[in-house]
K.L.:
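Got a structure for you, questions after.
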Amino acid sequence: MELCDLTIHELREKLENKEVTAADVLDSFLRRIEAVEEKVKAYVTITADEARERISSDLQGSLAGIPLALKDNISTEGIRTTCSSKMLENYIPPYNATVVEKLNEEGAVILGKTNLDEFAMGGTTGFSAFHETRNPWNLEHVPGGSSGGSAAAVAAGEAAAALGTDTGGSIRQPAAFCGLVGLKPTYGTVSRYGLLAYANSLDQIGPITRDVEDAALLLNVITGHDPKDSTSVQMEQADYTAFLKEDLAGMRIALPKEYYELDYNPEVKESVLAAVKKMEAEGAVVEEVSIPSIEHSVAVYYILATGEASSNLACYDGVRFGYRSKTAGNVAEMFRNTRSEAFGEEVKRRILFGTYILSAEAYEDYYVKAQKVRTLLIKEIEDVFKNYDLIVTPTTPETAFKAGAITDPLESYKMDAFTVPVNLAGIPAITIPCGFSSANLPIGIQIMGPRFGEGKLIQAAYSLEKILQLGNKRPELEVR
Ligand code: GLN
């Protein structure tokens, strides 16, 4: 294995022992990018010069000299932040997102900004206005999305780890499709300041990493109260690495029967259930539960997310920043032409849908009803956590599919069935690899916890990772 195939903690050890220098590490990643990026296309912008400049100073902190990637909807001062949209193709933020400040304080080296479905709307990274990203495990397949660039970069050795954002599964689904660990934190624990919003009540930033230990390390850095984000919670600074222990004894795990009764890829279901059996063998108590409203999650999510998106994206009108149409004769035409020319098909679909949902005629019937079902779902999930520590499900109903295989929007929305309840309830969840399909594509298992239950999630995921021992498998990309 080359340096660029190692985890953050392995790199840290080598750097601390002075076996290697930050320059050796950076070179290894840049060489890998040079070799595979043409095929994987994980990045929108590569900041190799800035990275070289950065390691020339004496970096200190828990991430000193560690090369990371950032999803391109997270603001970076002086570095363009596009949301993979023509609307923001040339937008250069004047400030850093809080998470970027935190990574910088800990000495991290940013390699670049990764591709996403435009404004984080999608599950394939095929809705980027610039290019499609492909899955390093099989270049004909999608990496998932919307944080597909972040996941593909980490899987291919083009970054040691990355930050993604998760509104309805966009950290967990691409992590699962690319054989990685993805953690969506409790709503409010990671500042959203500087994250270009898709749906504020659902969005959270989180880590995509090669193992659970790295997820804990990054979570330690990015969590914490931020006065610049009004939804950020006041909390004690936790040390999530304290939960990196192998202990499942007495842990109570709930399996929602509504999910296991559904019909989906049997290889996924079997692999997840086999992993659950192994947890049981290590002393976990596993029982079936019912969460009746969970079957409405996809409908509720797409009503609320598109409603919020329609209002969030109203600011892109060609006036203040971003793209402006050159073909307009008056102001109203300028708004219309700007938005028609610079938003892609999926973003437009969601703006139209969301604007309708929020209209006077439809608001009570859709938006208000969806909010009520959301409240019901939160209550049902809270009830489960009165008796159980964790809820375990597959992360996705399928493994990574071929690019272009799913064209019907409703079909693709249904793929989010297992991930969206987590965002609706504001709870944390982690995905880790639990096996491979017969086509050698990774399968992810999802572990959900109660609000602020990241510690237990990490403990369970770490224990399972040790039992399964899949950690060292890397995709065999032909290197040029
Ligand atoms: N696939 C979901 C959607 O398209 C989730 C996206 C996300 O989490 N950003 O909305």
Side-chain angles (χ1 to χ4, degrees), residues 70-74 82-85 114-128 133 142-151 162-178 182-185 187 190 192 195-208 297-313 343-354 357 370 374 395-398 400-401 406-431 444 446 448:
L70 299 172
K71 188 177 182 179
D72 206 20
N73 58 352
I74 299 174
T82 67
C83 288
S84 289
S85 178
T114 56
N115 202 18
L116 60 147
D117 289 297
E118 186 177 2
F119 283 99
M121 298 176 191
T124 63
T125 315
F127 285 126
S128 164
T133 298
V142 300
S146 62
S147 313
S150 284
L163 292 188
T165 65
D166 194 311
T167 307
S170 282
I171 288 174
R172 291 161 286 154
Q173 184 255 29
F177 278 11
C178 292
L183 194 155
K184 183 261 165 205
Y187 186 78
V190 178
R192 289 183 299 110
L195 164 64
L196 283 90
Y198 159 15
N200 325 41
S201 81
L202 304 158
D203 298 339
Q204 268 298 273
I205 299 173
I208 296 180
S297 302
V298 171
V300 170
Y301 169 81
Y302 276 94
I303 290 171
L304 300 179
T306 56
E308 292 185 30
S310 124
S311 92
N312 280 324
L313 270 59
F343 283 139
E345 176 193 325
E346 182 63 22
V347 170
K348 280 182 191 155
R349 180 165 26 247
R350 295 192 188 200
I351 290 174
L352 289 173
F353 190 69
I357 299 267
R374 181 178 190 177
T395 308
T396 57
E398 295 294 331
F401 40 88
I406 298 182
T407 49
D408 176 3
L410 288 180
E411 276 309 303
S412 71
Y413 299 169
K414 279 193 222 153
M415 296 283 230
D416 299 334
F418 302 149
T419 47
V420 292
V422 165
N423 305 73
L424 291 170
I427 59 175
I430 193 169
T431 180
Q446 173 173 244
M448 308 175 191

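For reference, positions follow the sequence shown, starting with 1. Just follow the structure's listing: the first ligand is 1, and inside any ligand the first atom is 1.
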K.L.:
Could you verify whether a donor N or O on one side chain and an acceptor N or O on the other, from D72 and T82, lie under 3.5 Å apart?
P.N.:
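T82 and D72 do have a side-chain donor-acceptor pair below 3.5 Å.
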K.L.:
Quick one: ring pair (Phe, Tyr, Trp, His ring centres under 6.0 Å) partners of F401, sequence neighbours excluded?
P.N.:
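By the ring pair (Phe, Tyr, Trp, His ring centres under 6.0 Å) rule, F401 matches F177.
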K.L.:
Run the salt bridge (charged side-chain N to carboxylate O under 4.0 Å, His left out) test against K348 and tell me which residues pass, sequence neighbours left out.
P.N.:
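Residues passing salt bridge (charged side-chain N to carboxylate O under 4.0 Å, His left out) with K348: none at all.
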K.L.:
Considering residues at least two apart in sequence or located in another chain, which fulfil the side-chain contact (heavy atoms from CB on, under 4.5 Å) criterion with A162?
P.N.:
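For A162 the side-chain contact (heavy atoms from CB on, under 4.5 Å) partners, ignoring immediate neighbours, are A69, S150, V154.
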K.L.:
Indicate the ring-plane relationship of Y302 and Y413, choosing parallel, tilted or perpendicular according to the 30° and 60° boundaries.
P.N.:
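The arrangement is parallel - the two ring planes meet at less than 30°.
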K.L.:
How would you list, by chain and number, the residues with a heavy atom under 4.0 angstrom from ligand 1?
P.N.:
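Ligand 1 is contacted, at a heavy-atom distance under 4.0 Å, by A120, M121, G122, S146, D166, T167, G168, G169, S170, Y198, Y301, Y302, R350, D416.
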K.L.:
Do T395 and T431 meet the criterion of a side-chain donor-acceptor pair at a distance under 3.5 Å?
P.N.:
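Per modelled atom types, T395 and T431 side chains form a pair under 3.5 Å.
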